[in-house]
Amino acid sequence: MAGEAFGSAGRLVVDVWSDVVCPFCYMGDTLLDQALEKFPHASGVEVRYHSFLLMPEVADGDAPVNPADHLAAKHGIPREQAVAMNEQVSARARQIGLEYRLDRAQAVSTRTAHQLSHFAAAHGKQREMIRRLFQAYFTEGLVVSDHEVLADLAAEVGLDRADALAALASGRYVAAVEADLRQARQYGISGVPFFVFAEKYAVSGAQPVEAFLQALDTSWNETVGSAAAGAAR
Amino acid sequence: MTSSNATAEPATAVRTPDEHIPEAAEAAPATPAFELLPVVGEAFGVCDLDGVCS
């Protein structure tokens with residue numbers, strides 16, 4: 001992402017690190033979207049998604065597991081406690097109009113889903129793809145590591161199904177995912193969602209619409225807006 | 001992925017380093033010089049690598 005945050009095109013770039021199975025990432029993306037609806041320069045904003053693995057210990061071939069079971073096993077807590085924790089997050093999601101069905105969610109490795117995100121980015125459909133992946137995991141209980149499932153989702157957002165399938169099978173975007181993970185480490189990102197505005201300001205976590213609006217305003221005024229004002233002088 | 005209580009925390013905005021970090025270089029984690037913006041509203045939460053969302 002280096003060097004492209006606000007180039008000659010006069011656009012403000014928002015780089016987002018997130019994971020498909022991250023509950024606050026879906027919320028954060030929704031809240032950012034709501035902020036953009038209120039932002040007067042939204043047409044000049046480009047949102048780019050970067051890969052982050054919230055469950056790096058889960059391997060590509062591992063069988064799907066319910067997130068409550070995963071949490072209970074990982075932290076040695078009763079399953080009932082894990083379920084209750086998920087319920088609290090689901091209630092938070094409902095406040096902004098999202099339906100989480102974590103009772104039927106199937107947690108898997110998201111490396112392949114991230115490859116699909118990069119495939120979609122190459123075809124100008126990344127934002128739609130990310131939103132579709134969130135819904136598939138949190139609401140529909142789909143296995144978002146299955147190539148056939150992912151190819152179906154790609155087709156639903158207007159991408160070529162066969163091309164998506166071929167990209168996943170060939171590992172065409174493995175390096176792109178690894179580059180994102182590497183950059184996240186270099187930035188010291190240990191939690192997601194993580195939003196970087198114009199390579200200058202970052203917002204950690206899902207924040208209210210007002211917080212995103214403020215970040216958009218500040219970064220716009222200091223970059224694109226400032227450049228436009230300078231050119232006018 | 002799963003979760004715990006959503007807590008009310010300040011809306012945090014931080015300033016990242018002005019210098020770009022080469023993507024190809026594997027280096028020690030950078031320590032960004034964070035510049036906090038004023039608190040705006042109630043935070044939703046963040047999910048950490050330990051698998052807990054709060």
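Convention: sequence-line order gives letters A, B, ...; per-chain numbering from 1. What you are looking at is a predicted structure, and each value in this text was computed from that prediction instead of being measured. Because only heavy atoms are used, hydrogens play no part in the values below, and waters and symmetry mates are left out as well, while side chains stay in.
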Please evaluate residues B:Phe44 and A:Ile96 with respect to the criterion side chain to side chain contact (heavy atoms under 4.5 Å, CB included), reporting the C-alpha separation (whole Å), side-chain torsions for both, the decisive distance (0.1 Å), and the verdict. CA-CA 11 Å; B:Phe44 278 71; A:Ile96 56 172; 3.7 Å; yes
Quick one: does A:His75's side chain have a donor or acceptor within less than 3.5 Å of a partner on B:Asp50's backbone? yes
I need the minimum non-hydrogen distance between [X] and [Y], along with the two atoms involved.
X: A:Arg92; Y: B:Ala43; value: NH2-O, 3.0 Å
X: A:Ser204; Y: B:Val46; value: OG-CG2, 4.2 Å
X: A:Leu53; Y: B:Leu49; value: O-CD2, 3.3 Å

From [X] atom [atom1] to [Y] atom [atom2], the distance as rounded to the nearest 0.5 Å:
X: A:Cys22; Y: B:Asp48; atom1: SG; atom2: CG; value: 9.5 Å
X: A:Phe52; Y: B:Cys47; atom1: CZ; atom2: SG; value: 10.0 Å
X: B:Cys53; Y: A:Gln88; atom1: SG; atom2: CD; value: 12.0 Å

Taking every non-hydrogen pair under 4.5 Å, which of A:Pro193, A:Pro56, A:Cys25, A:Ala206 racks up the most with chain B? A:Ala206
Just to verify, what does A:Arg94 make a salt bridge (charged side-chain N to carboxylate O under 4.0 Å, His left out) with, not counting sequence neighbours? none
